[in-house]
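Some notes on the structure that comes next.
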Amino acid sequence: MNKPLLEVKDLSITFPGGRGALPWRRRPDVRAVQHVNFTVDRGETLGLVGESGSGKTTIGRVILQFIRPSTGAIRLGDFDTTQFGRVTPKAYRNAVQVVFQDPVGSLNPSMLVGDIIGEPLAIHSSMDKKARDRRAGELLEQVGLQSHHLNRFPYEFSGGQRQRIAIARALATNPDLLVLDEPVSALDVSTQSQVINLLERLQDETGVAYLFIAHDLAVVRHISDRIAVMYHSRIVETGSADDVCERPAHPYTELLLASIPDPDPELQREKSQRRRELGKGVAGASGRAPVNSCPFAERCPHAMEVCHQSFPDFVPTQAGGEVACHLHISGPKLNGAAISSLSTVA
Ligand SMILES: Nc1ncnc2c1ncn2[C@@H]1O[C@H](COP(=O)(O)OP(=O)(O)OP(=O)(O)O)[C@@H](O)[C@H]1O
Ligand SMILES: [Mg+2]
């Protein structure tokens, strides 16, 4: 079997708390990511989904080596990032690129589009300006714009077009992996689907893999081959996109699914009812991520004592994924009713 392109092993990231309002009192450390494991194959899209503050961007930033992990290892192709010194090798920076949510803020307004797209090549390659412009022109056409747009400024483009420019820039170095951090969240719905279609076409053409980060499970399902669901610093469920969305194993995944609006009023009523049953504390995760319990236990309608005492090991789901949930460890004899209720909402 081929090795995955990306392997993230037992990754944890803690941000030091720093000084509080009273200088002699330190704020508590923030456990942004705890013991996260996942892989991404070449040419595959892994969707990383979870509510605000769950740790998705932090994982992306570590893969991009913008920050270093507290513990854990990342392997991308032949690179083992634990072996990197203070400066990340250029070849690694070429191999993994990023597209951010905000197509306005992420493009320098005072630079021409050609220079924006050519910037990674100027930094990471020995191409001269003429060669960079030629490549930028090709990339613009590849993302559905025109090569003469090189000589324009970002403000001359719509939000969707600017995101296309950001994607062209990210592809300039022929990366193996793109980290797409909420790349369509700031766009209107019809532009969202155009950009998603573009990303799918570009993946077919180039073989690039995507880590697609978003809080909207409906969008993530559409583009992803597999999905990893995060809650308050932990991955709690992984599986194929269809299995996770049709046969969720974790109560939090079920809550996320029940939160997707349904155009059918009857189904929408059922979903709202289900959401009320599931969402004890709809406000979301609060406080520090717990170390020795399931972070969803506070909100979970099925929570047992053990859920407040330890974070469960991952176990295979019936659908072929993996879930970290005591309901699935404790077995049907204890929670058969609860487990079967978990697969009813889709
Ligand atoms: N540089 C930092 N210093 C301190 N805490 C941080 C830092 N960056 C992120 N955090 C905290 O880490 C946690 C995870 O943040 P992160 O941005 O990764 O979440 P997210 O899942 O991307 O959320 P969103 O959907 O809002 O983008 C949050 O509690 C956040 O406040
Ligand atoms: Mg984020």
Side-chain angles (χ1 to χ4, degrees), residues 6 8 10-21 25-38 40 45-72 74 96-106 163 166 170 177-187 192 195 210-221 223-224 227-238 244 250 252-253 255-257 259-260 279 281-291 293-296 298-299 311 324:
L6 175 74
V8 172
D10 198 29
L11 185 72
S12 295
I13 301 133
T14 301
F15 294 109
R19 271 199 197 148
R25 278 213 192 142
R26 280 180 66 83
R27 287 205 190 91
D29 292 351
V30 178
R31 285 186 286 271
V33 174
Q34 295 191 84
H35 305 292
V36 156
N37 294 279
F38 63 87
V40 182
T45 300
L46 178 73
L48 188 57
V49 69
E51 65 195 15
S52 188
S54 53
K56 307 179 297 295
T57 294
T58 304
I59 290 179
R61 291 176 66 211
V62 175
I63 293 169
L64 290 155
Q65 294 287 290
F66 295 166
I67 50 174
R68 297 285 165 101
S70 310
T71 61
I74 294 169
V96 52
Q97 292 279 326
V98 61
V99 176
F100 294 107
Q101 169 177 350
D102 174 14
V104 179
S106 64
Q163 207 53 320
L177 175 72
L178 283 194
V179 174
L180 303 162
D181 192 350
E182 308 264 5
V184 298
S185 307
L187 306 176
Q192 279 191 359
V195 173
Y210 296 145
L211 178 66
F212 189 98
I213 296 172
H215 58 269
D216 180 344
L217 191 50
V219 173
V220 171
R221 179 184 186 175
I223 193 168
S224 303
I227 291 178
V229 179
M230 270 196 98
Y231 187 79
H232 210 181
S233 80
R234 302 269 195 176
I235 287 181
V236 294
E237 178 167 6
T238 60
V244 167
H250 199 283
Y252 175 60
T253 314
L255 177 62
L256 271 182
L257 284 162
S259 306
I260 301 174
V282 183
S286 61
R288 300 165 66 195
V291 183
S293 65
C294 169
F296 193 59
E298 276 173 38
R299 284 170 83 182
F311 185 79

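Just so you know, these numbers use all the heavy atoms, side chains as well, and skip hydrogens, waters and symmetry mates. For ligands, and for the atoms within them, numbers begin at 1 and follow the listed sequence.
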- Message: Let's go through Gln101 and Ser185 carefully: what are the C-alpha distance in whole Å and the side-chain angles of both, what is the deciding distance for side-chain hydrogen bond (donor to acceptor under 3.5 Å, both in side chains) to 0.1 Å, and is it a yes or a no?
- Response: CA-CA 6 Å; Gln101 169 177 350; Ser185 307; 4.9 Å; no
- Message: Please determine whether side chain to side chain contact (heavy atoms under 4.5 Å, CB included) holds for the pair Arg299 and Tyr231, giving the CA-CA distance in whole Å, both sets of side-chain angles, and the decisive distance to 0.1 Å.
- Response: CA-CA 11 Å; Arg299 284 170 83 182; Tyr231 187 79; 3.0 Å; yes
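In this structure, the separation between CZ on Arg221 and CD1 on Ile223 is 14.5 Å, given to the nearest 0.5 Å. Interatomic distance, CD of Glu237 versus OH of Tyr252, reported as 11.5 Å (0.5 Å rounding).
Closest to atom 18 (O) of ligand 1, if we only count protein heavy atoms, is Thr58 OG1, 2.5 Å. Nearest protein heavy-atom neighbour of atom 9 (C) of ligand 1: Phe15 CE1, 3.5 Å. Scanning the protein for heavy atoms near atom 26 (O) of ligand 1, the closest one is Ser52 OG, 2.5 Å. The closest protein non-hydrogen atom to atom 14 (C) of ligand 1 is Gly53 O, 3.4 Å. Here the heavy atom of the protein found nearest to atom 12 (O) of ligand 1 is Ala32 CB, 3.3 Å.
The shell of residues lying under 4.0 angstrom from ligand 1, judged by heavy atoms, excludes Gly50.
When heavy-atom distances to ligand 1 are checked against a 4.0 Å cut-off, Val30 comes that close only through its side chain, counted from C-beta outward. With a heavy-atom cut-off of 4.0 Å, Lys56 touches ligand 1 through backbone and side chain alike.
Atom 31 (O) of ligand 1 lies below 4.0 Å from none of the non-hydrogen atoms of the protein.
Atoms of ligand 1 found under 4.0 Å from any heavy atom of Thr57, numbered from 1 in the order shown, are 17 (O), 18 (O), 20 (P), 22 (O), 27 (O).
Although no hydrogens or angles enter the test, the distance criterion places no donor-acceptor pair under 3.5 Å between the side chain of Lys56 and the main chain of Met230. The backbone N or O of Gly17 sits less than 3.5 Å from a side-chain atom of Asp29, completing a donor-acceptor pair.
The shortest non-hydrogen separation linking Gln34 to Ala289 is NE2-CB, 3.6 Å.
Among the atoms of Ser52, no N, O or S atom is found under 2.8 Å from the Mg ion (ligand 2).
No side-chain heavy atom of His250 sits less than 4.5 Å from a side-chain heavy atom of Val229.
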